[in-house]
Amino acid sequence: MNDLKIKINELKKEKKAVILAHNYQLPEVQEIADFVGDSLELSRKAAKTEAELIVFCGVHFMAETASIISPEKKVILPDLNAGCSLAESVTTAELKRWKAEHPNAVVVSYINTSAAVKALSDYCCTSSNAVKIVESIPAEMEILFLPDKYLGSYVKAKTGRENIVIWDGACHVHEKIGEVNFEEKKQAHPKAEFLIHPECGCSTSCMLKSLQFNDDSIHIFSTSGMINYVNESPAKEFVIATEVGILHRMRKDNPGKQILPASENAVCDYMKLTTLEKVYEALLYEKNVVRVDTPVAEKARLAINRMLATG
Ligand code: 13P
Ligand code: SF4
């Protein structure tokens, strides 16, 4: 594996490439990346980097977003099969029908959507800025929020806004992290801080419960929000409700803290498709280039740029 790491680093320098990796990537992939982060941070890095070649270790919609933001750069995805069940839970035909039923509504799409869906949207958002984006839209305007019903419900509860209609989509990994699992963990680890991703099945009920019972051990965060919280908190025990790939960096950076997954089965197989071998091959042959057709990219860029400007 070390040989491969050396070869990737040499190739990266030679080609002046940058490697971006999501917080859910395999540990060895995170280790060779120039930057590891959540969806919003990776979008910002892709926009700012001077590198002309971006190796995106994540899933397809993330590479598409990077390519839309920087169409002059070459964005490669080490495995083109790295999809996302959440992004697949809404099609452009479905969105067109939904918009026709709500002709005056503003469409807010989670970043976990295809470029074509973003092109039909007014705003894009990620888990770390969804509340802020919704708050920036005039209160009287109806909002169509898609595709994640849990993130949507969380945003609705947090903003207290009634005029949000939510699409019935979900991520197959986070949906399973629900109430039962959470309650068991809370009893087993009474002193732990609970960090919950808003895509989780339990996110809204957990947030409401924490408000109702004044329980300040429950926090809802994006993946990087969780990492920052663990780094800065004086607490010694944490239960993390999201994909288990995030535990690598948390544990490495906080050796004195006990960091447990809410569910060991919360594994995103799409994220785990990226291996060092695939990174090396993609970089060597500059293959698996992700590009978005110009008319779609231009429309999607408006929604993404509105997000980058707001959040
Ligand atoms: P973050 O934006 O919090 O990294 O989430 C992305 C994702 O795909 C969560 O499943
Ligand atoms: Fe998509 Fe869920 Fe995987 Fe995130 S964890 S990339 S939302 S399938």
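Side-chain atoms of Lys5 and Leu276, non-hydrogen and from C-beta on, do get closer than 4.5 Å to each other. Using a 4.5 Å heavy-atom threshold, the side chains of Ser224 and Ser128 count as separate. The shortest distance between side-chain heavy atoms of Leu195 and Val230 falls below 4.5 Å. Side-chain contact check for Ser127 versus Tyr110: some heavy-atom pair is nearer than 4.5 Å. Counting heavy atoms from C-beta on, the side chains of Thr92 and Leu120 come closer than 4.5 Å. Looking only at side-chain heavy atoms (C-beta outward), Val244 and Leu247 come within less than 4.5 Å of each other. Annotation: side chain of Leu144 is in contact with side chain of Trp98 (closest heavy-atom distance under 4.5 Å). Under the 4.5 Å side-chain criterion, counting only non-hydrogen atoms from C-beta, Thr310 is not in contact with Asn129.
The environment of CD in Glu237 is crowded: more than 12 heavy-atom neighbours from other residues, nucleotides or ligands sit within 6.0 Å. In the displayed structure, Glu101 atom CD is contacted under 6.0 Å by more than 12 heavy atoms of other residues, nucleotides or ligands. Atom NZ of Lys278 has more than 12 neighbouring heavy atoms from other residues, nucleotides or ligands inside a 6.0 Å radius. Within 6.0 Å of NZ in Lys299 there are 12 or fewer heavy atoms belonging to other residues, nucleotides or ligands.
When the side chains of ILVMFWY residues are joined at heavy-atom separations under 4.5 Å, either directly or via intervening members, Leu80 and Val292 end up in two distinct hydrophobic clusters. Under the 4.5 Å side-chain heavy-atom criterion for ILVMFWY residues, a single connected hydrophobic cluster contains both Ile19 and Leu53. Val106 is connected to Ile166 through a chain of hydrophobic side-chain contacts under 4.5 Å among Ile, Leu, Val, Met, Phe, Trp and Tyr, so both are in one cluster. Note on Ile220 and Ile246: separate hydrophobic clusters, where clusters join Ile, Leu, Val, Met, Phe, Trp and Tyr whose side-chain heavy atoms are under 4.5 Å apart, directly or indirectly.
Taking the six-membered ring where tryptophan is involved, the planes of His219 and Phe221 are essentially parallel, since the angle between them stays under 30° and well short of 60°. Ring orientation note: the planes of His174 and Tyr24 are tilted relative to one another, at an angle of 30° to 60°.
Donor-acceptor pairing under 3.5 Å is lacking for the side chains of Thr159 and Glu135. A donor and an acceptor atom, one from each side chain of Tyr154 and Glu199, are nowhere located under 3.5 Å apart. Inspection of the Asp38 and Ser222 side chains reveals an N or O donor paired with an N or O acceptor under 3.5 Å. No donor-acceptor contact under 3.5 angstrom links the side chains of Thr242 and His197, judged on distance only.
Here Arg251 contributes atom CZ and Gln258 contributes atom CD; the two are 8.5 Å apart, rounded to the nearest 0.5 Å. How far CG of Asp122 is from CD1 of Ile143: 10.0 Å, rounded to the nearest 0.5 Å. Note: Met307 CE to Thr126 OG1 = 6.0 Å, rounded to the nearest 0.5 Å. A distance of 12.0 Å separates CZ of Arg306 from CG of Leu308, quoted to the nearest 0.5 Å. The structure places CG of Leu40 at 7.0 Å from CD1 of Ile111, a figure rounded to the nearest 0.5 Å. Between the CD1 atom of Ile8 and the CG atom of Leu284 there is a distance of 10.5 Å, given to the nearest 0.5 Å.
Of the candidates Val36, Thr274, Leu273, Cys57 forms a side chain to side chain contact (heavy atoms under 4.5 Å, CB included) with just one, namely Thr274. Of the candidates Glu193, His189, Lys186, Lys186 is the only one forming a side chain to side chain donor-acceptor pair (under 3.5 Å) with Ser217. None of Val55, Val75, Leu42 except one satisfies the side chain to side chain contact (heavy atoms under 4.5 Å, CB included) rule with Leu20; the exception is Leu42.
Between the Trp167 side chain and the Leu95 main chain, no donor and acceptor come within less than 3.5 Å of each other. The main-chain N or O of Ala51 is found under 3.5 Å from a side-chain atom of Thr49 such that the two form a donor-acceptor pair. Although no hydrogens or angles enter the test, the distance criterion places a donor-acceptor pair under 3.5 Å between the side chain of Ser43 and the main chain of Ser39. Not one N or O on the side chain of Ser70 forms a donor-acceptor pair closer than 3.5 Å with the backbone of Lys73. No donor-acceptor pair under 3.5 Å is formed between the side chain of Asn254 and the backbone N or O of Gly256. The backbone N or O of Thr91 lies less than 3.5 Å from a partner atom in the side chain of Glu94, making a donor-acceptor pair. Using a distance-only test at 3.5 Å, with no hydrogens or angles considered, a donor-acceptor pair links the side chain of Arg161 to the main chain of Val134. Side-chain N or O atoms of Gln30 include one that pairs as donor or acceptor with a backbone N or O of Gln25 at under 3.5 Å. Under a 3.5 Å cut-off, the side chain of Ser136 and the backbone N or O of Ile133 do form a donor-acceptor pair. Of the possible polar contacts, none joining the Ser233 side chain to the Tyr229 backbone as a donor-acceptor pair under 3.5 Å is found.
Contacts classified as side chain to side chain donor-acceptor pair (under 3.5 Å) and involving residues 282-298 (residues at least two apart or in different chains) are given here: Lys15-Glu286, Lys74-Glu286, Glu281-Lys287.
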Exercise. Using the salt bridge (charged side-chain N to carboxylate O under 4.0 Å, His left out) rule, take Glu31 and Arg249 through it: C-alpha gap first, then chi angles, then the decisive distance, then the call.
Key: CA-CA 9 Å; Glu31 293 298 327; Arg249 195 146 60 104; over 6 Å; no

Practice problem: Give the intermediate values and the outcome of salt bridge (charged side-chain N to carboxylate O under 4.0 Å, His left out) for residues Asp34 and Lys12. | Solution: CA-CA 10 Å; Asp34 296 289; Lys12 196 178 71 177; 2.9 Å; yes

